[in-house]
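Letters go in sequence order (proteins before strands), and every chain restarts at 1. FYI, side chains are in, hydrogens and waters are out, and symmetry mates aren't considered; it's all heavy atoms of this structure.
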Amino acid sequence: MSDTERYLGVSAGPFSLALPLLTVRQILDVGGASSMAPSDPRALGVEPISLARLLDKPAQPGRPGLLLFDGHIGPVLLSVCALSGVFDAPAPQPLPRTVACRWPGLVRGVLSHPEGKLRLVLDPRVLMGLVEAGA
Amino acid sequence: MSQGKVLLFSAGGLRLGVFLAEVGRLLVEDQMAPVPFSHPALAGVMLAGEDGPVPVFDMRGLFGAAPAPHAPGATVALFPTAKGPVGLRLDTLLGTISAYEPLSESAAEALLDQAPDAVRGTLTNAARTAEGVFSFFSPDAFLARVGL
């Protein structure tokens, strides 16, 4: 049994994040200069939800990456400010009790990967709950 | 003159002092991970060696200003608490002093009255050194102010 998990590194507004890769159904677009997605969200059939705005912060300018998730009640398309690759990392260090988040369980912990980059690992189930609460 | 080593610093634009005995250690801010849906004064979490992730607060967040998500090179004072270490981002580390002159009650009150309402409860007294006056910062009162 492996003691590491595979993550997708993303940024959303001011947040450096990691999402467990197995919970990302599909990377629809990598965003940035390599973006192939149409700039008009109507062409995607469904307007993506900005992960930065979902987390209550403004998104960074530029062409976003697009990620498809299986939500609790259907597919969810999230846009992120940038994708920073796939990496393997050990279990995150949990946040201390002195850090309170209004969405308990949203942040699984902190990783220092890859190359020492500090990231918060989000719990996709709680994230999908947040999407539905905001819908 | 009073005795007792005091760490002098500025935070949130205020000139402050705290007894060294109340400070766990000082760190240099390297990387910070902002936390969504957290207290407005929380700049984020940083890794503090064997202490693991620790929260770092920025007093400016108490005034309604968003703390800078990153301030590489800033000094962070780590205060031990019953729930674990908690960091405070300092604007400037001014040094340590071992002697100071307490202000009279009325002068201290007048100085504390000039502090923004949001931080007034975290300041307990005031004193003077040759370089100027400062207010005593209470880590316990600050932690209570941010709900810890």
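- Contacts between A:Leu54 and chain B at a heavy-atom distance below 4.5 Å involve the backbone alone (N, CA, C, O).
- B:Leu8 and B:Phe136 fall within a single hydrophobic cluster, where Ile, Leu, Val, Met, Phe, Trp and Tyr are joined by side-chain heavy atoms under 4.5 Å apart, directly or via other members.
- Of the atoms belonging to B:Ala68, not a single heavy atom falls under 4.5 Å from chain A.
- For A:Leu106, the part lying under 4.5 angstrom from a heavy atom of chain B is the side chain only.
- The interface of residues 25-48 of chain B with chain A, defined by heavy-atom distances below 4.5 Å, comprises B:Gln31, B:Met32, B:Ala33, B:Pro34, B:Val35, B:Pro36, B:Phe37, B:Ser38, B:His39, B:Leu42, B:Val45, B:Met46, B:Leu47.
- Per-residue heavy-atom pair counts under 4.5 Å with chain B were compared for A:Asp56, A:Val99, A:Thr98, A:Leu120, and the maximum is reached by A:Thr98.
- Residues A:Leu68 and A:Tyr7 do not share a hydrophobic cluster, clusters being chains of Ile/Leu/Val/Met/Phe/Trp/Tyr side chains in contact below 4.5 Å.
- Of all heavy-atom pairs between A:Pro94 and B:Pro53, the closest is O-CG, 3.8 Å.
- Linking ILVMFWY side-chain heavy atoms closer than 4.5 Å, directly or via other members, places B:Leu93 and B:Val86 in a single hydrophobic cluster.
- Between A:Arg97 and B:Ala82 the shortest heavy-atom distance is NH2-O, 3.7 Å.
- No continuous path of ILVMFWY side-chain contacts below 4.5 Å connects A:Leu111 to B:Val54, so the two sit in separate hydrophobic clusters.
- Atom CZ of A:Arg6 has 12 or fewer neighbouring heavy atoms from other residues, nucleotides or ligands inside a 6.0 Å radius.
- Cluster annotation: B:Phe79 and B:Val119 are assigned to the same hydrophobic cluster (Ile/Leu/Val/Met/Phe/Trp/Tyr, side-chain heavy-atom contacts under 4.5 Å, transitive).
- With a threshold of 4.5 angstrom between heavy atoms, A:Lys57 does not approach chain B through any atom at all.
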